[in-house]
Student: 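One structure, pasted below without further comment.
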Amino acid sequence: MKLDRHKKILELIDEKNIGTQEELADELNKAGYNVTQATVSRDIRELNLTKVSDDGKNQRYAPLISTKPIMSEKYIRVLKEGFMSMDMAQNILVIKTVPGMAMAVCAALDALKFNEIVGSIAGDDTIMCAIRSVNETVTVMNKIKRLIKK
């Protein structure tokens with residue numbers, strides 16, 4: 001639902017000059033998304049939108065072009081420092097970490113935004129990631145192996 005809403009927001013701001021959260025919420029509601037201003041505010045932050053001016057007077061939302069690398073080195077460092085091992089059970093990836101590091105490693109994985117990971121939960125030294133399919137679980141394991149070997 002959130003991913004669909006984010007796609008719709010990007011589509012709307014590309015097609016229309018939307019300059020306020022209220023305007024964006026109205027357009028989303030017209031498109032069938034039941035949203036509040038608070039939801040729109042979070043979406044704007046998550047999508048890294050900014051306001052730009054085409055004519056020097058009116059402003060509209062646009063995606064902020066990021067100059068930062070997508071995979072921040074700090075998240076990779078946390079992953080390297082906390083990672084112990086991983087194994088899979090069908091589409092569930094279980095990652096073992098140094099005691100007390102599971103939440104930090106889990107947050108780092110979330111920040112890396114692997115499309116294959118549907119969601120993850122962390123305990124003290126164990127993370128469980130729900131992944132869309134068995135094949136994608138293998139893909140995520142390979143991505144993690146490449147990151148921790150850097």
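We're numbering straight along the sequence, starting at 1. What you see is a predicted model, and the numbers here were worked out from it, not measured in a lab.
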Student: Crowded around M128 CE? As in, over 12 foreign heavy atoms under 6.0 Å?
Tutor: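 Counting neighbours around CE of M128, 12 or fewer heavy atoms of other residues, nucleotides or ligands fall under 6.0 Å, so no.
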Student: Not counting sequence neighbours, which residues clear side chain to side chain donor-acceptor pair (under 3.5 Å) with E22? List them please.
Tutor: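 For E22, no residue satisfies side chain to side chain donor-acceptor pair (under 3.5 Å) once neighbours in sequence are set aside.
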Student: Ignoring hydrogens and angles, write down the donor-acceptor pairs under 3.5 Å from the side chains of residues 118-127, residues two or more places apart or on other chains.
Tutor:
residue : atom : partner : partner atom : Å
S120    : OG   : D110    : OD1          : 3.0
D124    : OD1  : G100    : N            : 3.2
T126    : OG1  : K96     : NZ           : 2.9

Student: Let me confirm one number: the CD1-NZ distance from I13 to K8, rounded to the nearest 0.5 Å.
Tutor: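 Result: 12.5 Å between the selected atoms.
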Student: Are I148 and L93 connected in the hydrophobic side-chain network, where two residues link if heavy atoms are under 4.5 Å apart?
Tutor: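 Linked within one cluster.
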Student: May I have the step-by-step check of side chain to side chain contact (heavy atoms under 4.5 Å, CB included) for I92 and V94, ending in yes or no?
Tutor: CA-CA 6 Å; I92 303 293; V94 177; 4.1 Å; yes
Student: Nearest 0.5 angstrom please: L24 CG to R60 CZ, how far?
Tutor: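 Those atoms lie 13.0 Å apart.
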Student: Looking at Y61, is K51 sitting on its ring face, NZ or CZ under 6.0 Å from the six-membered ring centre and within 45 degrees of the normal?
Tutor: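 Judged by the rule, K51 and Y61 form a cation-pi pair.
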Student: Counting C-beta onward and ignoring hydrogens, is there a side-chain heavy-atom pair between N91 and R132 closer than 4.5 Å?
Tutor: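 Heavy-atom side-chain distance check fails, nothing below 4.5 Å.
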Student: Would you say V105 ends up clustered with M103 if hydrophobic residues are merged whenever their side chains have heavy atoms under 4.5 Å apart, either directly or through other cluster members?
Tutor: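 Unlinked, M103 and V105 end up in two clusters.
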Student: Run the side chain to side chain contact (heavy atoms under 4.5 Å, CB included) test on L147 and K80 for me, step by step, so that the C-alpha distance in whole Å, both residues' side-chain angles and the decisive distance to 0.1 Å come before the verdict.
Tutor: CA-CA 8 Å; L147 287 174; K80 285 180 184 180; over 6 Å; no
Student: Can you name the residues that form a side-chain contact (heavy atoms from CB on, under 4.5 Å) with A38, not counting sequence neighbours?
Tutor: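 Here the qualifying residues are T36, R42.
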Student: Measure the NZ-CG distance between K7 and L47 for me, rounded to the nearest 0.5 Å.
Tutor: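 Atom-to-atom, K7:NZ and L47:CG are 12.5 Å apart.
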Student: Treat each ILVMFWY residue as a node, draw an edge where side-chain heavy atoms are under 4.5 Å apart, and state whether V98 and V78 are in one component.
Tutor: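 Cluster IDs for V98 and V78 match.
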Student: Say you draw a straight line from OG1 of T139 to CG of N115; how long is it, rounded to the nearest 0.5 Å?
Tutor: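 Reported value, rounded in 0.5 Å steps: 11.5 Å.
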Student: List the atom pairs, with distances to 0.1 Å, where a side-chain N or O of residues 81-90 and a protein N or O form a donor-acceptor pair under 3.5 Å, not counting sequence neighbours.
Tutor:
none

Student: Can R5 and T39 be said to form a side chain to side chain contact (heavy atoms under 4.5 Å, CB included), step by step?
Tutor: CA-CA 10 Å; R5 189 174 66 245; T39 301; 3.7 Å; yes
Student: So how far is it from L79 CG to K143 NZ, rounded to the nearest 0.5 Å?
Tutor: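 The CG atom of L79 sits 13.0 Å away from the NZ atom of K143.
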Student: Return the set of residues passing side-chain contact (heavy atoms from CB on, under 4.5 Å) with E27 (not counting sequence neighbours), or none when no residue passes.
Tutor: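 Counting only residues at least two positions away or on another chain, E27 forms a side-chain contact (heavy atoms from CB on, under 4.5 Å) with L12, K16, I18, K30.
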Student: How about CG on D4, more than 12 heavy atoms from neighbouring residues, nucleotides or ligands closer than 6.0 Å, or not?
Tutor: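 Counting other residues, nucleotides and ligands, CG of D4 exceeds 12 neighbours.
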Student: Could you grab the distance from atom CE of M141 to atom OG1 of T137, nearest 0.5 Å is fine?
Tutor: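 Rounded to the nearest 0.5 Å, the CE-OG1 separation comes out at 8.5 Å.
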Student: Is there side-chain contact between L109 and C129, with at least one heavy-atom pair below 4.5 Å?
Tutor: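 Yes; the side chains approach each other to less than 4.5 Å.
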Student: Please check if I44 and V52 belong to a single hydrophobic cluster, counting links between Ile, Leu, Val, Met, Phe, Trp and Tyr side chain heavy atoms closer than 4.5 Å.
Tutor: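 No; V52 is not reachable from I44 via cluster members.
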Student: Start with the C-alpha distance between I117 and L112, add both sets of side-chain angles, then the distance that settles side chain to side chain contact (heavy atoms under 4.5 Å, CB included), and finish with yes or no.
Tutor: CA-CA 10 Å; I117 298 177; L112 294 173; over 6 Å; no
Student: What residues, two or more places apart in sequence or in another chain, satisfy side chain to side chain donor-acceptor pair (under 3.5 Å) together with E23?
Tutor: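 Listed in chain order: nothing, the list is empty.
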Student: Please tell me whether F114 and I131 are part of a single hydrophobic cluster in this structure, the criterion being side-chain heavy atoms less than 4.5 Å apart.
Tutor: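 Linked within one cluster.
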Student: I'd like to know if the side chain of N29 reaches the main chain of A25, judged simply by a donor and an acceptor atom lying under 3.5 Å from each other, with no hydrogens or angles considered.
Tutor: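 Between the backbone of A25 and the side chain of N29 there is a qualifying donor-acceptor contact (under 3.5 Å).
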